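Structure first, then comments.
Note that the structure is a prediction, hence the values are computed from the model and not measured. Lettering follows sequence order; numbering is per chain, from 1.
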2 protein chains.
Amino acid sequence: MELDQRKLQILRAIVDEYILSASPVGSKALSQSGMKWSSATIRNEMADLETLGYLAQPHTSAGRIPSEKAYRLYVDQMMQRAHLSDEESKLLYGYFREHVHGVDAVLRETAKALSEITHYTALVMMPDIGVNRLRHLQLIPLTTGKALAVVVTDAGVSQNTVIDVPEDIGPEELDRISKAITARFHDCRMSTVSSKLVREFGGELSARADFVESLLARLCESQSRDRRMVELSGATNMLEYPEYSDVSKARTFLATVEQKDDMYRMLKKASSMEFTVTIGSENEQEGFQDCSVVTASYRVNGTPVGSFGVIGPTRMDYARVLSILKNVQTNLGTVLQSFLKEE
Amino acid sequence: MELDQRKLQILRAIVDEYILSASPVGSKALSQSGMKWSSATIRNEMADLETLGYLAQPHTSAGRIPSEKAYRLYVDQMMQRAHLSDEESKLLYGYFREHVHGVDAVLRETAKALSEITHYTALVMMPDIGVNRLRHLQLIPLTTGKALAVVVTDAGVSQNTVIDVPEDIGPEELDRISKAITARFHDCRMSTVSSKLVREFGGELSARADFVESLLARLCESQSRDRRMVELSGATNMLEYPEYSDVSKARTFLATVEQKDDMYRMLKKASSMEFTVTIGSENEQEGFQDCSVVTASYRVNGTPVGSFGVIGPTRMDYARVLSILKNVQTNLGTVLQSFLKEE
DNA sequence: TTTTAGCACTCCGTTTCTTCGAGTGCTAAT
DNA sequence: ATTAGCACTCGAAGAAACGGAGTGCTAAAA
């Protein structure tokens, strides 16, 4: 089952070539472009690689294309990290210098940067507010019976939610409750700010325990409801590739990528890993069976709070994409940190 | 230049048929389906209609397709408003019953409803905050030097902006300034809350005049910057139609529709009109030369604050779309009003 | 004068057939 | 173990043939 040096070399050449051209690679073409063996030898090796499951033939008299197994091997062992040109890193850096109006804006900009530079489709998950610490909560009266709850965390992320308020709580009391909650739960993780803690606490809060309880429940719930938790960019980039010259394929892809719930779940799952590469049928999503997803996580104060990634055809340029993700990860870390000068 | 009754009737039949089938309509097919004239007569009339510019022929031996001029006539004079089935109005009504967590959510839901029911692409403009009246402004400290400004208007719309704060203003003072501004400018139109008014006002505000001024400037500026002002839904619906079976056409369409700035401008312009129908080349956008855009405005307290619309191929079912928009306009009006019980 | 039947003609979309060439597997020579 | 040579395969692309829906025009019918 071990592949000897020559097989590896040939396989790598095939993958590299196929990533570039998207058309089956033949033995002759290979031997002419810098391979030191004759086409016949390569042909024999290709036959072997096919029986081993690394290559496939669209039809009898065509060249070979890499299988998912080949891509997996390529990603895990064979590829050498691409080197971004100075120009590219500068370009990338530029995206992060421009818009610094809050975490959300930066992440949106990140998605745009990723999709524009890779020419694939980019997804960025908004940070998971649960792991962050509460810095400020403010209730703003809207109408009788309704108020806007604004939560700000130490990561500089904010979240708005409309909540119901008992009629007998006036603006002044809302303000006092805001201050009380802020004081009590300052620097607690959002996920631990549960209703249990409320009862322990005396004063104004316990008098309004029911309200505060429902308020906190509402805050947690609203996070998962909010469909804006994923920023998508460059979905139409995929239409450039011959894989999607068929409109119906393009349609299924676009439909899948717009299922923000699924995308969020996917990224969330990936956020515990520094990097992930998911190839073709390894993907859970129906619509990504012919795609690969590459993700990277980002952290704030050392805690991973989210992830971002790129989706492309299985023959995507993994080396390049990974380099770009790594670069973005660094940039993003720096920028997000800059929102936290106080720490 | 006047079209007699028969010409009108024939033209209408052609438009109706072409909207359904998307393929050129021939004289024979027409005369067989309920027309009381022979194919020859119809043929002559069609030739006339062509010289008058209402019809076009893709090639010599094909049927006729309506020109933009024909659609214009159709929309302005000939079409009869479609009647939504009870089922459909109920379905539509359902969208508005479900999500009532704030104005933004409702409008997002509106976009989804529109695209799903029409099978075209829907756009909804978030309400223009400028014409609304300030109800509450709250500054929330983020880090030293930065704060989050949350603006709430009488329409229940909120807007978050990260602003810079001089280092010597502490959390308590931010709170006091918030209250002072809220008190001073309560019920003023956002667009009139300009820096000029600030100077007139004494007390805490004038002491921090520079800060308040820059704050207000920042708020105005940020509205136009914010790219989330347009909610898009069902962009991929267009790929269902034969007009977009060509991937490159699909690409240009999708690219255009994702230019949120342009879309916002388009809707903004349309928001002063109850309804608009823009056919083919009447559109300013490059990518909409083969599309039609139908919009309706929505109002809060009688003031038009935004608009929403549907984009489809020029042969879209105008009658149906207009009925749906009218229905949605009513529903939306009711729901938005319900956020304003106080008035 | 208006409408309609009839007819020759056009031209697109489809299908069928042919050709071309890149690629293969196998065998025999190196 | 490697490679040159050869017969074979099969899809992609082009060419030719066909069918049919539709037209414009003319002449007869209303």
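- Defined by atom type and a distance below 3.5 Å, a donor-acceptor pair is missing between the side-chain atoms of A:S38 and A:S31.
- For B:A47, the side-chain atoms get nearest to D:dG24 when compared with the rest of D:dG24, C:dC11, C:dT4.
- Closest approach of A:I19 to A:M316, counting heavy atoms only: CD1-O, 3.5 Å.
- When the nucleotides C:dC26, D:dG22, D:dG11 are ranked by their closest atom to the side chain of B:K28, D:dG22 comes out on top.
- Residue contacts for B:S39: at a heavy-atom cut-off of 4.0 Å it reaches no nucleic acid atom on any strand shown.
- Look at CD on B:E50: it is 13 Å from C1' on D:dG22, rounded to the nearest Å.
- Distance from the side chain of B:S61 is smallest to C:dT10 among C:dG23, C:dT3, C:dT10.
- Contact between the side-chain N/O atoms of A:S27 and the OP1/OP2 oxygens of C:dG23 is not found at any separation under 4.0 Å.
- Rounded to an integer number of Å, the gap from A:Q32 CD to D:dA4 P is 12 Å.
- Applying the 3.5 Å distance criterion, the base of D:dG22 shares no donor-acceptor pair with the side chain of B:R43.
- Among C:dC11, D:dT23, C:dT3, the nucleotide with an atom closest to any side-chain atom of B:Q57 is D:dT23.
- Looking at the side chain of B:N44, the nearest of the listed nucleotides D:dT23, C:dT4, D:dT3 is C:dT4.
- For B:S38, the listed nucleotide lying nearest its side chain is C:dA5; candidates were C:dA5, D:dG24, D:dT9.
- The two atoms that bring A:L52 and A:K69 nearest to each other are O-NZ, 2.8 Å, heavy atoms only.
- Candidate nucleotides D:dG11, D:dT2, C:dC26 were compared by shortest atom distance to the side chain of A:H59, and D:dG11 ranks first.
- A straight line from CG of B:L55 to C1' of D:dG24 spans 16 Å, rounded to a whole angstrom.
- In this structure, NZ of A:K36 is placed 15 Å from C1' of D:dT2, rounded to the nearest angstrom.
- Between B:R81 and B:L322 there is a side-chain heavy-atom pair separated by less than 4.5 Å.
- Minimum atom distance to the side chain of B:T60 is reached by C:dC11, of the listed D:dT23, D:dT3, C:dC11.
- Side-chain N/O atoms of B:T41 include none lying less than 4.0 angstrom from OP1 or OP2 on C:dT3.
- OP1 or OP2 of C:dT24 has at least one side-chain nitrogen or oxygen of A:R64 nearer than 4.0 Å.
- Put simply, CG on B:L73 and CE on B:M78 are 5.5 Å apart, with the number rounded to the nearest 0.5 Å.
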